[in-house]
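As structure tokens, the structure follows; a few thoughts come after it.
It should be emphasised that the depicted structure is a prediction, and the values quoted were computed from it without experimental measurement. Quick note on labels: first sequence line is chain A, next is B, and so on, each numbered from 1.
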Protein chains: 2
Amino acid sequence: MLKEVPITNTHQEQATLLSSMHMLNKQISAKFEKCTGIGQSRLGILHYLYQVEEMSQTTLQKEVNIDHAAITRHLKQLEASGMVARRKSAEDNRVTLVCLTEEGRSKILHYQNEKDHFIQQMLSGFSKDELNLLADMVERMNQNISRF
Amino acid sequence: MLKEVPITNTHQEQATLLSSMHMLNKQISAKFEKCTGIGQSRLGILHYLYQVEEMSQTTLQKEVNIDHAAITRHLKQLEASGMVARRKSAEDNRVTLVCLTEEGRSKILHYQNEKDHFIQQMLSGFSKDELNLLADMVERMNQNISRF
DNA sequence: ATATATTAATTGACATATCAATCATTGATA
DNA sequence: TATCAATGATTGATATGTCAATTAATATAT
């Protein structure tokens, strides 16, 4: 009659899992920034800019999946720190085109290295199968809650 | 000479995984609050208070692993909304003791139900083995970055 | 052609988190 | 016991994110 785990514990375990994921994410955010010197979102923006010559803010916004307002503010700061340059589009005066500066292009390599190192540490001890399954589960959780 | 995956792709896949986890977490935060009507941290605070008669803010802070300042602000709002009550400790006038009000104690049941429902949805299609492995991997990632 | 819609970007108001500084109280010590 | 250190809570400054309202430019429709 005994299953592996009483049904009443399942709820508790899953709640604990959610809580653990929440805490893990907070840890990751904090440590990522500490190790790399830049936040995940900010580096994500730079990452997309790196792969392209120029990009409108809206395109960028859709790629990195951050609010319009947040993009504007990130880019302002990145511009102020000399990492990116912005200019109005000639064809459509509403759009602002963004690109990495030379300085930004060289600095991002350093950030990427730190990021890779961070990830290596975070995932050390994980087998290839585990990583695949983890990616799969993350994807499925995303799917499951995307309907709401 | 061919391994399963060229080494250069591993970095990219892991970076994608990190990014997916980041996005998942943002999704979870948003949808959780939408579904339950309260944020994860806030409900976490109530959850700990539920299991106990009274608690000092510092004890609570350590349990939920949120900054002192954030705790103070959460509790102020929870007090304003009638969910919790606070009083100074007689033995030590520095400490503030917190407890759920009757109203808070009854409302939390509703929140917990919504939360359980949310989690069920999020984890639907996950086998017991998968859940165990996921919990294990989350724990290991946490361990791996705790040193930094 | 002019009024109306839509689109891109910005700004303001708000929520939540952190860190650093401060205040009040208590404990320890010289 | 008078001083100094440690502790609990609060507050202020700052960072990042959201949503809603606004502004400017372009597209559409009558």
Atom pair NE2 (B:His110) and CD (B:Glu114), whose distance is rounded to the nearest 0.5 Å: 4.0 Å
At less than 4.0 Å, is any side-chain N or O atom of [X] found next to OP1 or OP2 of [N]? Yes or no.
X: A:Arg86; N: C:dT10; value: yes
X: B:Asn93; N: C:dT26; value: yes
X: A:Thr72; N: C:dA9; value: no

D:dA27, syn or anti by chi within 90 degrees of zero: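 Anti conformation here, the glycosidic angle of D:dA27 being more than 90° from 0.
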End axis versus end axis in the helix from C:dT6-D:dA25 to C:dA30-D:dT1, the angle rounded to 10°, five pairs used at each terminus: 30°
Euclidean distance, atom [atom1] of residue [X] to atom [atom2] of [N] [Å, nearest integer]:
X: B:Leu75; N: C:dA17; atom1: CG; atom2: P; value: 12 Å
X: B:Asn25; N: C:dA17; atom1: CG; atom2: P; value: 12 Å
X: B:Arg94; N: D:dT10; atom1: CZ; atom2: P; value: 14 Å
X: B:Asp92; N: C:dT25; atom1: CG; atom2: P; value: 11 Å
X: A:Arg87; N: C:dA9; atom1: CZ; atom2: C1'; value: 16 Å
X: A:Met23; N: C:dT16; atom1: CE; atom2: P; value: 19 Å
X: A:Lys76; N: C:dT10; atom1: NZ; atom2: C1'; value: 6 Å
X: A:His68; N: D:dC19; atom1: NE2; atom2: P; value: 12 Å

Flag side-chain contact, heavy atom, 4.5 Å: A:Met83 against A:Leu46: yes
Heavy-atom side-chain contact between A:Thr72 and A:His68 under 4.5 Å: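 They are not in side-chain contact.
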Closest approach to the side chain of [X], judged atom by atom: which nucleotide of [options] is it?
X: A:Ala69; options: D:dT11, D:dT18, D:dT10; result: D:dT18
X: A:Val95; options: C:dA9, D:dT11, D:dT7; result: C:dA9
X: B:His74; options: D:dT18, C:dA17, C:dT26; result: C:dA17
X: A:Lys26; options: C:dT18, C:dT10, C:dT16; result: C:dT18
X: B:Gln77; options: C:dA8, D:dT18, C:dT16; result: C:dT16

Sugar-phosphate only, base, or nothing, as touched by B:Ile66 at under 4.0 Å among non-hydrogen atoms: sugar-phosphate
Sugar-phosphate, base or nothing in reach of A:Asp67, heavy atoms under 4.0 Å: base
ILVMFWY cluster membership beyond B:Val95 - transitive side-chain contacts under 4.5 angstrom: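 B:Val95 clusters with B:Leu97.
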CA sep, side-chain torsions, deciding dist, call: A:Ile28, B:Leu18, side-chain contact (heavy atoms from CB on, under 4.5 Å): CA-CA 9 Å; A:Ile28 288 176; B:Leu18 181 62; 3.9 Å; yes
Does [X] have more than 12 heavy atoms from other residues, nucleotides or ligands lying within 6.0 Å of its [atom1]?
X: A:Lys88; atom1: NZ; answer: yes
X: A:Glu102; atom1: CD; answer: no
X: B:Glu53; atom1: CD; answer: no

Reference residue A:Val98; test side chain to side chain contact (heavy atoms under 4.5 Å, CB included); the match among A:Gln57, A:Glu79, A:Arg87: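 Answer to the side chain to side chain contact (heavy atoms under 4.5 Å, CB included) test with A:Val98 among A:Gln57, A:Glu79, A:Arg87: A:Gln57.
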Residue whose closest nucleotide on DNA chain C lies nearer the 5' end, A:Ile71 versus A:His22: A:Ile71
Quiz item: A:Arg73 side-chain donor-acceptor pair to C:dG12 base, under 3.5 Å: yes
Neighbours of DNA chain C within residues 28-64 of chain A, by heavy-atom distance under 4.0 Å: A:Gln57, A:Thr58
Trace of the side-chain contact (heavy atoms from CB on, under 4.5 Å) decision for A:Ile66 with A:Leu60: CA-CA 9 Å; A:Ile66 290 178; A:Leu60 188 56; over 6 Å; no
Joint cluster assignment, A:Met23 & B:Phe118, ILVMFWY side-chain distance < 4.5 Å: no
